[in-house]
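Everything on this sheet refers to the single structure shown next.
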Amino acid sequence: MRQPISIIILGALSSFLLLFSVLAWMSYDRTLKTTTLLSDISQTALPNMHNAMTLNMGILEIPYLNEQLAQANSQAMRRIVHQEILNVSARIEQHLLDNKQGNLDVKFQLIVDELANLNALVQHKLNLAVIIQQYETELYRYHSEALTLANGSPDLSIWLMHFSSVVTQANRSLGLTGLQDLRNMRAQLLGMLDEQHLLIQSLDPSVRKFAETYTLTLNHLLMADNGVIALRTEQLRVAGRVAGRSNFIRSLVSEFIKETDYEMLTLQQSLRGHIAANTQVAEKDARVFLLVFCIAFCFIVGSIVFLKVRVLNRLAYLKDKVLAQVGGQPNVIEINGNDEIADLAGAFNYYALKAKEHNEKVEKLSLTDALTGIGNRRAFDEALKHDIELSVALDTPICILMIDVDYFKNYNDFYGHQAGDECLRKIARVLQYTVTRKQDFVARYGGEEFICILQNTDRNAAKQVAQRILQAIEALNIEHKTSQIAQHITVSIGISCRESGEGVKVDGVIKEADKALYQAKAEGRNRVVLREITVGLAVR
């Protein structure tokens with residue numbers, strides 16, 4: 001049942017009203033002040049602190065979304081991230097509007113405007129990428145057509161070689177990432193095209209018209225105002241503006257967070273000041289009660305004991321615990337009773353819990369691989385140590401799958417790093433869909449290597465899982481023309497297992513899995529090799 005402090009005190013004093021009117025008045029005054037303080041804290045200070053914390057947690061999502069938008073490599077990804085930004089921004093704007101925080105509202109509107117500008121820049125960059133890809137395809141088609149038509153003509157052999165070198169050099173320009181390098185390449189291409197025109201003049205008149213036609217078209221594709229070089233130059237400029245805008249947004253968010261943190265700190269200091277001031281007033285009232293003690297000893301003793309035990313001690317205890325929490329000791333505040341002080345303690349516990357959940361969320365982000373969204377090397381190290389200890393304690397088998405993408409460097413060199421990143425993301429999704437048990441774990445081990453922990457799994461089951469992974473990745477049918485074993489992406493898998501009743505070390509499991517992976521590569525790749533762990537040693 002609810003037991004408000006004011007009702008308890010007023011009920012106790014009513015029977016002594018005639019004899020102790022003065023003392024009753026003092027007690028009522030003290031009670032009124034205490035109730036006012038508690039009401040002010042519960043109705044004003046705590047809601048303000050909660051609002052500040054909610055705003056702070058919401059704004060922390062903006063930097064992550066900002067990075068996702070700046071790094072978007074497709075229009076679909078850009079639209080998804082932009083929609084999420086709009087949703088988060090709407091929630092924050094509504095929060096600012098509800099709490100009438102005009103100054104913060106103006107600053108946040110600036111962040112929203114900058115995010116809109118960033119979205120427009122990213123959209124423009126992606127549009128340019130599509131157009132450049134179309135031009136690149138046209139350039140290859142045109143080159144192939146020239147090779148086909150001029151094949152077998154001795155008079156065009158020297159011109160054709162020079163024509164192919166111009167196309168090759170133009171293709172290299174698409175991989176340049178610096179504006180100065182691109183300008184140098186443009187000057188080089190202009191020189192090569194001039195040489196091409198001079199070479200045409202020396203050709204036989206019967207083939208000169210053919211060479212002139214293809215050279216002029218190549219010159220238009222490369223050097224026109226809307227040609228490949230101009231579009232690539234514009235793309236690099238837009239990419240630089242995207243990076244600059246992203247950094248500026250990150251700075252704006254950082255300043256916004258600092259201001260919200262300062263507001264929260266001010267609220268905490270104000271709350272501590274109110275509690276301290278109330279404690280000082282209460283101690284002064286206690287000294288006044290002692291003067292009345294000679295007239296009404298029994299009444300004063302009872303009143304002082306009640307106030308001291310029921311109110312002052314609990315407030316002082318609450319103050320100490322709150323200061324300890326602010327000082328970095330997130331202990332649960334336990335106060336008996338069902339009144340305002342107990343409610344206040346519960347509110348502080350709620351705030352501490354939310355702060356802990358926020359820290360855990362940050363910790364989770366630190367254990368996630370930014371590219372693929374699965375666990376990273378740090379998360380794997382922690383999971384493996386725990387799972388090995390659990391396997392030994394329960395005497396259950398455990399297997400490790402080390403997975404490496406075959407000829408991934410060739411894939412990156414041929415298709416580009418963006419395609420390589422997308423390939424790794426697809427493989428990570430395949431691993432998540434294939435290794436589905438809650439007790440299992442999937443992580444990116446580094447570069448193009450992935451690793452899986454299969455808890456309570458023997459070697460036969462582990463081999464079946466590995467075979468399913470091979471089949472699933474083959475089903476992706478990711479083109480890989482530079483692979484030496486297939487026309488699509490493949491992987492090699494090394495397995496190390498610890499069966500029931502065997503001892504094992506953490507580094508031994510990883511070492512044997514790595515040996516198995518090395519053997520799978522040596523035997524031709526795109527296969528599974530198993531090694532078993534026995535008392536810390538590995539055997540085939």
Side-chain angles (χ1 to χ4, degrees), residues 369 372-375 379-380 383-384 387-388 391 396-411 420 422-500 502 504 508-534 538-540:
D369 180 63
T372 61
I374 62 177
F380 165 74
L384 180 61
D387 288 349
I388 289 292
S391 174
T396 56
I398 184 171
C399 292
I400 303 300
L401 275 62
M402 186 169 287
I403 304 161
D404 184 82
V405 183
D406 296 330
Y407 300 107
F408 187 73
K409 183 179 183 304
N410 296 350
Y411 185 91
E422 182 60 25
C423 175
L424 293 178
R425 281 191 285 267
K426 290 181 178 179
I427 292 175
R429 287 194 292 269
V430 165
L431 295 178
Q432 286 179 302
Y433 296 150
T434 307
V435 183
T436 57
R437 297 189 310 172
K438 291 184 179 179
Q439 64 267 36
D440 296 337
F441 183 80
V442 177
R444 184 184 178 192
Y445 194 66
E448 68 272 21
E449 287 189 340
F450 298 85
I451 199 157
C452 303
I453 304 173
L454 304 181
Q455 185 62 265
N456 196 16
T457 303
D458 59 21
R459 58 179 180 269
N460 292 328
K463 289 173 65 177
Q464 292 176 6
V465 173
Q467 290 296 339
R468 288 201 300 270
I469 291 174
L470 287 181
Q471 295 169 4
I473 292 177
E474 182 178 3
L476 287 176
N477 197 27
I478 302 175
E479 183 182 83
H480 190 356
K481 292 183 178 180
T482 57
S483 173
Q484 300 180 18
I485 59 173
Q487 289 298 308
H488 55 80
I489 284 290
T490 61
V491 298
S492 300
I493 303 178
I495 306 176
S496 64
C497 290
R498 179 264 180 194
E499 295 291 346
S500 300
E502 299 175 354
V504 68
V509 174
I510 300 176
K511 183 176 180 181
E512 295 307 316
D514 189 65
K515 288 181 180 178
L517 176 61
Y518 180 82
Q519 185 172 339
K521 293 181 180 179
E523 292 178 0
R525 307 181 189 249
N526 192 21
R527 66 191 63 235
V528 178
V529 170
L530 169 68
R531 293 178 71 90
E532 301 174 356
I533 306 298
T534 303
V539 297
R540 273 296 298 275

Closest heavy-atom pair and its distance - I400, A513: CG2-CB, 4.1 Å
Main-chain N/O of V509 paired with S496 side-chain donor or acceptor, under 3.5 Å: yes
Donor-acceptor pair, side chain of Q432 and main chain of V442, under 3.5 angstrom: no
Close side-chain approach of V529 to L517, heavy-atom, < 4.5 Å: no
T372/F450 under side-chain contact (heavy atoms from CB on, under 4.5 Å): CA gap, chis, key distance, verdict: CA-CA 11 Å; T372 61; F450 298 85; 4.3 Å; yes
K521, NZ: over 12 other non-hydrogen atoms inside 6.0 angstrom: yes
Test item: Y411 and I489 side chains (from C-beta on) under 4.5 Å apart, heavy atoms: yes
R525 backbone acceptor or donor facing R527 side chain under 3.5 Å: yes
For I478 against C423, the heavy-atom pair lying closest together: CD1-SG, 4.1 Å
Residues D440, C452; criterion side-chain contact (heavy atoms from CB on, under 4.5 Å); working and verdict: CA-CA 7 Å; D440 296 337; C452 303; over 6 Å; no
Side-chain donor or acceptor of S483 paired with backbone N/O of K481 under 3.5 Å: no
Verdict with supporting geometry, D406 and T490, side-chain hydrogen bond (donor to acceptor under 3.5 Å, both in side chains): CA-CA 6 Å; D406 296 330; T490 61; 2.7 Å; yes
side-chain contact (heavy atoms from CB on, under 4.5 Å) assessment of R425 paired with E422: CA-CA 5 Å; R425 281 191 285 267; E422 182 60 25; 3.1 Å; yes
Min side-chain heavy-atom separation H480-N410 under 4.5 Å: yes
Candidate pair I510 and Y445, rule side-chain contact (heavy atoms from CB on, under 4.5 Å), full reasoning: CA-CA 11 Å; I510 300 176; Y445 194 66; 3.4 Å; yes
Main-chain N/O of I398 paired to T457 side chain as donor or acceptor, under 3.5 Å: no
Exam field: side chain R459 to backbone I495, donor-acceptor pair closer than 3.5 Å: no
